[in-house]
Amino acid sequence: MRFESVIPAMNSTSQDGYIVTPNGGERGFDGQPFPFRSFTSPSLPEYVTITFPRKLHISRYEIMLGSYYTNVPEYDNMASWDLEGLVNGRWIILHSGSHPNIPETLIYDFPRTEVEGIRIKCKTKHGTNSWGFNEITVYQSIYEERALVFHEGVYKTYLSGSWENLGANVSDSDYLLKGMSDTSIIPEPAWSTLTGDVEICLWTENPHRTEALFSTETEPFTLAEEWEDQTIKIIEYSDDPYKAESTILLETDEFGFHDEFKKSIDVLYYTDDPRKTSAELELMANYSPLDELKGDFNIVTWTDQEEIDELNINMNASPLSQLVIQDEDFHIYGDLQSIIVNKISKEGTIKLLLSFDEGQTWEYFKFNAWRPTDISNMEMVRKHAMDIDSLSHITEKEFAVKGKKIRLAYFIDDNTHWNQHTQVDNIKIVSNAPVDDAKFSNAEFYLLNTLATLQLTVGGNKLMGQLDDPDKGKVQYRVFLNNKPYYPSNGNFTPLSPAPIDIKLNISEKEILFGQNNSLTVEFQDAWGQQDTWSTTFFGTYSGLMFMDEQGQYFSDSFGGLLKHLDFDIVVAGQTTDYQKVIVKNQLGQVVQNLILEVVKDKLPPDVTIELSYTDPFIAEDYLLFNKLIQPNDEMEFYVRIATAITAPPAPNGQFEIRAKVDPV
């Protein structure tokens, strides 16, 4: 288990009307930094409350009782206190502490608890004046969890782009050193190399976890495809003593009563009427003896009349299981919203397939995806063609990816026993073609369209702006980075959306070219297909609040990776080093304010202090606040030095960390 510090939102309350103000590094009333203080001599108990933005599992806190005002005796420290947690709207005690009046940092552990906030309840204090403490840090506990894949008797992990075998038996250390914290890093080609049964094994140090959930994505399939030509038994368990039967609802292709009887049948009739001496059976069916002939056949006639040169035969028949293919495309203007088929006859079956490439390939929509089928195979057509209801439920979003042309194929399947043939009244293509700009004057027709406009800026590796259309129609766009599709990644336009569209796109620093110019191109168009292009170049560099030396070299990258140290060489205990200039640059791409620079003190050795200064000559400050608006690419200079006491212990390769915080404008 590891601990991670929590940065909460803070507020304060008191039981008897006394307000405790936890400034946490801001300036106090006298212009100096101060800890959590009451400024009064209140009746106890009194509280400092810290609320969290979400529930957290905490099990440790660190509190520093000593005062920044070591020479001011009227500020007294806590002598005893309770740490309370807010659990489901009720405060409970997590830990009770007490300590003599000495300035030192105390660390306490307690049972892991999920809380919405904490509060320090001061029960007693040293002295008779106001009470307080300097710093508090709360830690949430995080359990380590790792996964391995078990396949064909061997444990595997996916590292550095390939599978690595760990053997038939693994230990806890194998999980910790080689296990995966996230199985989504395994790409689809790697999964496809594993055939047969695959198990995902999870190792955890969380004693409370009783189950694990892994999300897997596969090609859609149906139970009918998996169980084809197999006998299926459904076994139900119930503890209901009054339940005598179960109902199972199955969805199948349409079939008629007569389809179930392939051979001759006998009809048995029973009656207890003694006057009934015979039974009559009347069948209503559309039937012809020719229905019994399978495949092609010839009609051969004979006559003894020599004058007849030719024979005319008239025959009425139903086109059974026919596929009728439309020979021309429908052209779609605007966005295709739906296809509606109105059928006249109640009997008969009509299903449809769609083509979006002039009949070269045919598709059906199932399980939220378009899928191809072979129209030369009637069994595949019968299985995949969409019924009227399924076709009508395809949405505008699903049609949007298929282009502006559509061709239909109709699968018609009449039954020999039906009295009525399949009949369709009409087929309606519904689209929201833009028509607001059509104007009529003196029986002449004019179509007016204004080109969409794009206002964009690039800064801090962010693309920001707005795509608008004066006609208030729909617009779409796509982005290319260094002549390669970036957004959407497949190179297609975004779906048509009502103007205006706000564009806020982060440019991944893993995709840009550092130290050289990068090209960024945005192509955009309106619902009429009228296009335009916006292009720019930007220099590939890091984004964020970046620390640099006097030569402009970065100390770290945008991801927190260390590039170089602010090196003070060897520091002798009891001495103060020379100071060095550091530059912090706003590379966020936006205006910010109230830049605060603070040293992370909990990582420093005892009796070692990192001092900051606004100016040269050096005037030591505990932290720095640049209380002003900071424009993109603005630079602020400050100075850093190390001060040590003679009692400072050796710290080979010692490091310190300075953090920067800003407020958005």
Side-chain angles (χ1 to χ4, degrees), residues 3 5 22-28 30-37 60-79 97-108 125-127 130-137 139 547 549 555 562 564-582 584 596-625 637-661:
F3 296 94
S5 62
N23 289 273
E26 299 177 1
R27 291 185 177 275
D30 57 357
Q32 299 296 325
F34 60 89
F36 304 128
R37 294 291 162 192
R60 171 179 290 183
Y61 74 105
E62 181 179 311
I63 188 167
M64 181 177 181
L65 298 178
S67 172
Y68 289 117
Y69 299 104
T70 56
N71 59 344
V72 183
E74 63 266 22
Y75 292 135
D76 299 319
N77 291 322
M78 297 187 298
S98 62
H99 206 270
N101 190 18
I102 57 176
E104 64 180 50
T105 300
L106 309 173
I107 299 177
Y108 298 101
K125 60 184 179 179
H126 296 286
S130 62
W131 69 278
F133 56 92
N134 277 4
E135 296 177 351
I136 184 170
T137 304
Y139 294 89
F547 290 96
D549 61 14
F555 287 106
L562 187 64
K564 63 172 296 184
H565 290 91
L566 181 63
D567 192 359
F568 286 91
D569 204 2
I570 298 175
V571 181
V572 179
Q575 295 185 354
T576 299
T577 67
D578 291 335
Y579 53 86
Q580 298 190 38
K581 180 191 289 187
V582 178
V584 59
I596 298 178
L597 302 177
E598 295 180 294
V599 178
V600 182
K601 297 179 181 179
D602 56 0
K603 296 185 178 181
L604 295 176
D607 297 326
V608 176
T609 304
I610 306 301
E611 298 179 339
L612 309 176
S613 174
Y614 292 104
T615 59
D616 178 10
F618 198 94
I619 301 176
E621 302 279 357
D622 189 58
Y623 71 97
L624 301 180
L625 170 63
E637 298 179 352
F638 66 99
Y639 301 86
V640 185
R641 72 183 182 189
I642 303 176
T644 62
I646 192 66
T647 56
N653 301 317
Q655 299 183 11
F656 63 89
E657 182 178 343
I658 299 176
R659 291 180 180 173
K661 302 177 184 177

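When the ring-ring contact (aromatic ring centres under 6.0 Å, His included) test is applied to Y108, the partners found at least two apart in sequence or on another chain are Y61, H95. Every residue meeting the salt bridge (Lys or Arg N to Asp or Glu O under 4.0 Å) condition with K564, not counting sequence neighbours, appears here in chain and number order: D549. By the side chain to side chain contact (heavy atoms under 4.5 Å, CB included) test, S98 is found to be paired with S80, residues two or more places apart in sequence or in another chain being considered. Qualifying side chain to side chain donor-acceptor pair (under 3.5 Å) partners for D602, counting only residues two or more places apart in sequence or in other chains: none. E657 meets the salt bridge (Lys or Arg N to Asp or Glu O under 4.0 Å) test with K603, R659; sequence neighbours excluded.
The shortest side-chain heavy-atom distance between I658 and L612 falls under the 4.5 Å cut-off. Within the 4.5 Å cutoff, the side chain of K581 has no heavy atoms near those of the D616 side chain. The side-chain heavy atoms of Y139 and I107, taken from C-beta on, include no pair separated by under 4.5 Å.
Summarising the geometry of D567 relative to Q580, their closest heavy-atom pair is O-NE2, 2.7 Å, with the distance given to 0.1 Å. Taking both residues in full, the closest heavy atoms of D578 and F568 are given as O-CE2, 3.4 Å, listed atom of the first, atom of the second, then distance.
Of the residues L624, L597, I619, the one that meets the side-chain contact (heavy atoms from CB on, under 4.5 Å) test with Y614 is L624.
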May I have the list of side-chain donor-acceptor pairs in residues 637-651 shorter than 3.5 Å, sequence neighbours left out?
from : atom 1 : to   : atom 2 : distance (Å)
R641 : NE     : E611 : OE1    : 2.7
R641 : NH2    : E611 : OE1    : 3.0
T644 : OG1    : V572 : O      : 3.3
T644 : OG1    : G574 : N      : 2.9
T644 : OG1    : Q575 : N      : 3.2
T644 : OG1    : Q575 : O      : 2.9
T647 : OG1    : D607 : OD2    : 2.5

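Atom NZ of K601 and atom OG1 of T609 lie 8.0 Å apart (nearest 0.5 Å).
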